[in-house]
Amino acid sequence: FLLIISKKYVIIIDKKKDSIMKKLSLLLFFISFAFSKILIVNSYSKKDQCGIPQLYGFLSKMYSQGYKPNDFGIYFLNSRVLKKEDLKLKVNKILKNIDKYKVIITFDDTAFKMVGIPASKKGLRVVFSGLNYPYKLYKEKYKLGDNVAGVYEKLYIYAILEVFNKIQPIKKIAFFYGDGIGKILKMQTEQELKNSIYKNKIEFIHISTLKELKKKTKMVNNNSKYTVFMPFSLSVKNGDKKLLFPQIKDIFLKNIKKPDLSINRNFVSLGFLGFGGVDFYKMGEQAAQILLLNKKVVENAKAKMFFINKQRAKEIHFKLPIWFINKYLKEFI
C-alpha cells in the first residue's frame, strides 16, 4: 500500500510544483501514523484533576480525525503516590519497550521528564501537554531537538487576578503549595506576576503534612488580610501515607470560607469556586493539533475561561456583578 502510494506521487511530483511536495509530505506523515501505535504517558492517576481533562481533550481530537482506541498505548505513572524507587521501575519498563512506538505523548512534567526526554534522545517524536516548568530550561539542560513540541501550561494568573480585583479588591493572596509540582507552580506563578502589582500581594504557604494543612487553612480563614486563596497543595503526608487532592479538598472547603482561584474546571467540579483559568480539555486538543499538523513548536495554552461553582458562591456569600456574568462568565457549575 505504501509503495503504491509512494510511486503514484513520485510521478505527480515530476509534473507539479513545490506545493505538491508539501501535500505529499503531510500525506505520508498521516499514513505512517495509521500503521503505528502512539504511546500516551500520564504523570498521575486515572482520576487526576489535572491530567485526565487533557487526556480526554487529546483523544477526542484524535478520534475525530479517524483514530481508534487501539491506536494508542496508555500508561498512568501515578507519580503523586508511588515511591521514587517504584516510579523508576515503572518508567524503566516503559522505556524498555519504547522503540515499538513512533510518537510519544506526555501529560504534565513528570511524564515528560522521565519518559519524553529519553524517548526524544532515541529520535522519537515527542509531543507534550501541561508543562509548568519552563520549556526553554528543559531544552537548554537536556539539549532537546526539533523532534520535541507541545503545549506549555500558561496559568493566566495575572489576567484572572485583574478581573477578580475589580469584583473584590485584593489585600493578600494565600497560595498553598507542596513539594514536587507545587514548587514548579510556585515558580511559574512568580514568573507570571513578577512585573505586576500582585507580586507583593501573594503569600506562599508551604504544606507537607495533613496537620499543617488543617492548621494553616484555619489561619488563612481567620486572618482578614487574606482576600482569596489558591489551593495548590495537591497532596500531603499523613504518617506513612500520602493523601491526594480529592482526599484533602474538603479541608480547604470547610476551613476557608473565602473565594478561591483554581486553575482547572475540575477543581470547580470538586466544589471550589473556581473563578478562572486555563481549560485543560482544550489544552489536550491543542496538543493533538500540534501532532496532527506535524508542528515543531512549543505553544502557550491558548484557551482561558471563567467558570463559577454556583453552590460554593452562595455558601461563602460571594456576589457576582452583572458585568462579570455578561462579559466573562462562560459557565455556571
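Residues Ile173 and Tyr226 approach most closely at C-CD2, 4.5 Å, considering heavy atoms.
Rounding to the nearest 0.5 Å places NZ of Lys100 at 13.0 Å from CG of Leu124. Expressed to the nearest 0.5 Å, how far CD1 of Ile181 lies from CZ of Arg80 amounts to 7.0 Å. Rounded to the nearest 0.5 Å, atoms OH (Tyr101) and CG (Leu39) are 5.0 Å apart.
Side chains of Phe76 and Leu55 form a contact here, defined as non-hydrogen atoms less than 4.5 Å apart. Contact annotation: the side chain of Phe72 never approaches that of Asn70 to less than 4.5 Å [non-hydrogen atoms, C-beta and beyond]. At least one side-chain heavy atom of Arg312 sits less than 4.5 Å from a side-chain heavy atom of Leu253. Residues Lys143 and Lys121 meet the side-chain proximity criterion, which asks for heavy atoms closer than 4.5 Å. Counting heavy atoms from C-beta outward, Ile202 and Leu193 have side chains that approach closer than 4.5 Å. Using a 4.5 Å heavy-atom threshold, the side chains of Phe280 and Cys50 count as touching. Ser262 has its side chain out of reach of Leu273: every pair of non-hydrogen atoms, C-beta onward, lies at least 4.5 Å apart. Here the side chains of Val148 and Val127 are not in contact, with every heavy-atom distance at 4.5 Å or above.
The backbone N or O of Lys88 lies less than 3.5 Å from a partner atom in the side chain of Asn92, making a donor-acceptor pair. Within the 3.5 Å criterion, the main-chain N or O of Tyr198 finds a donor-acceptor partner in the side chain of Ser196. A donor-acceptor pair under 3.5 Å is formed between the side chain of Asn309 and the backbone N or O of Gln311. Of the possible polar contacts, none joining the Asp86 side chain to the Leu82 backbone as a donor-acceptor pair under 3.5 Å is found. Distance alone, capped at 3.5 Å, is enough to place a donor-acceptor pair between the Asn147 side chain and the Ser120 backbone. A donor-acceptor pair under 3.5 Å links the side-chain atoms of Thr227 to the main chain of Lys171, judged by distance alone.
Using a cut-off of 4.0 Å between Lys/Arg side-chain N and Asp/Glu carboxylate O, Asp279 and Lys302 are scored as not salt-bridged. We find that Glu190 and Lys199 are not joined by a salt bridge, their nearest charged nitrogen and carboxylate oxygen being 4.0 Å or further apart. Using a cutoff of 4.0 Å between basic side-chain nitrogens and carboxylate oxygens, Lys183 and Asp179 are scored as salt-bridged.
Not less than 6.0 angstrom separates the ring centroid of Tyr152 from the ring centroid of Tyr135. Aromatic rings from Phe176 and Phe252 are positioned such that their centres are separated by under 6.0 Å. The aromatic ring centroids of Tyr281 and Phe307 lie 6.0 Å or more from each other. Checked against a 6.0 Å centroid threshold, the rings of Phe107 and Tyr75 do not count as neighbours.
Sparse packing is recorded around NZ of Lys113, with 12 or fewer heavy atoms of other residues, nucleotides or ligands lying under 6.0 Å away. Shown here is Lys214, whose NZ atom has no more than 12 heavy atoms of other residues, nucleotides or ligands within 6.0 Å. Few gaps surround NZ on Lys225; more than 12 heavy atoms of other groups in view lie less than 6.0 Å from it. No more than 12 heavy-atom neighbours from other residues, nucleotides or ligands sit within 6.0 angstrom of NZ on Lys296. For Lys186, the NZ atom is densely surrounded, since the number of other residues' heavy atoms within 6.0 Å is greater than 12.
Side-chain contact check for Tyr156 and Glu192: no donor-acceptor pair (N or O, by modelled atom type) lies under 3.5 Å. Side-chain polar atoms of Ser43 and Asp108 form no donor-acceptor pair below 3.5 angstrom. Side-chain atoms of Tyr133 and Gln188 form no donor-acceptor pair, as typed in the model, at a separation below 3.5 Å. Side-chain polar atoms of Tyr177 and Thr189 form no donor-acceptor pair below 3.5 angstrom.
Taking the six-membered ring for Trp and thresholds of 30 and 60 degrees, Phe324 and Phe275 have nearly parallel ring planes, at less than 30 degrees apart.
The only member of Ser235, Ser233, Pro231 that meets side-chain contact (heavy atoms from CB on, under 4.5 Å) when paired with Ile207 is Ser233.
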Run the numbers on Asp109 and Tyr138 for side chain to side chain donor-acceptor pair (under 3.5 Å), then give the verdict.
CA-CA 10 Å; Asp109 288 78; Tyr138 277 123; 2.9 Å; yes

